[in-house]
Amino acid sequence: MAVPKHKMSRANTHARRSQWKATAPALVACANPACGALHQPHTACPECGQYGPRNDRRQVLDV
């Protein structure tokens, strides 16, 4: 296991940790015109249970 030889300054520690930030998840509107709920892309809609683009929608979840 690696052991640091020198103490890391507070400025360097904060500069390194500044890259660890949370980002909001990307959301898209449901392709079902009757639903339109927001959900993550490439996943089935949790409201209506359908998945796919407008011309190739299919029911994959029982809701």
Side-chain angles (χ1 to χ4, degrees):
M1 184 172 156
V3 178
K5 285 191 173 185
H6 301 286
K7 179 179 180 177
M8 182 172 260
S9 69
R10 185 175 291 179
N12 284 346
T13 301
H14 289 183
R16 186 186 73 247
R17 288 183 183 162
S18 69
Q19 303 305 316
W20 287 66
K21 50 188 169 284
T23 57
L27 298 176
V28 295
C30 181
N32 184 359
C35 178
L38 294 177
H39 64 92
Q40 291 184 337
H42 304 289
T43 59
C45 178
E47 300 295 325
C48 65
Q50 292 186 355
Y51 178 79
R54 291 190 188 278
N55 56 359
D56 190 29
R57 253 190 331 260
R58 58 190 176 276
Q59 190 75 25
V60 293
L61 296 176
D62 295 330
V63 285

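Just so it is clear, the values below take in all heavy atoms, side chains as well, and ignore hydrogens, waters and symmetry mates. These numbers were taken from a predicted model, which means no experiment stands behind them.
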Residues 26-47 side chain polar contacts: donor-acceptor under 3.5 Å, at least two apart:
| unit_1 | atom_1 | unit_2 | atom_2 | d |
| --- | --- | --- | --- | --- |
| Asn32 | OD1 | Ala34 | N | 3.2 |
| His39 | ND1 | Thr43 | O | 3.4 |
| Thr43 | OG1 | Gln40 | O | 2.5 |

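Taking Asp62 as the reference, nothing meets the side-chain contact (heavy atoms from CB on, under 4.5 Å) condition, with sequence neighbours excluded. Ala15 is linked by a side-chain contact (heavy atoms from CB on, under 4.5 Å) to nothing, counting only residues two or more places apart in sequence or in another chain. Remark: Ser9 pairs with Ala11, Asn12 by the side-chain contact (heavy atoms from CB on, under 4.5 Å) rule, at least two apart or across chains. Contacts of Pro4 classified as side-chain contact (heavy atoms from CB on, under 4.5 Å), with partners at least two apart in sequence or in another chain: none. Annotation: salt bridge (Lys or Arg N to Asp or Glu O under 4.0 Å) contacts of Arg58 (sequence neighbours excluded): Asp56.
Alongside Met8, the hydrophobic cluster contains no other residue (criterion: ILVMFWY side chains under 4.5 Å). Residue Tyr51 belongs to a hydrophobic cluster whose other members are Val60, Leu61, with links defined by side-chain heavy atoms closer than 4.5 Å.
Shown here is Arg10, whose CZ atom has no more than 12 heavy atoms of other residues, nucleotides or ligands within 6.0 Å.
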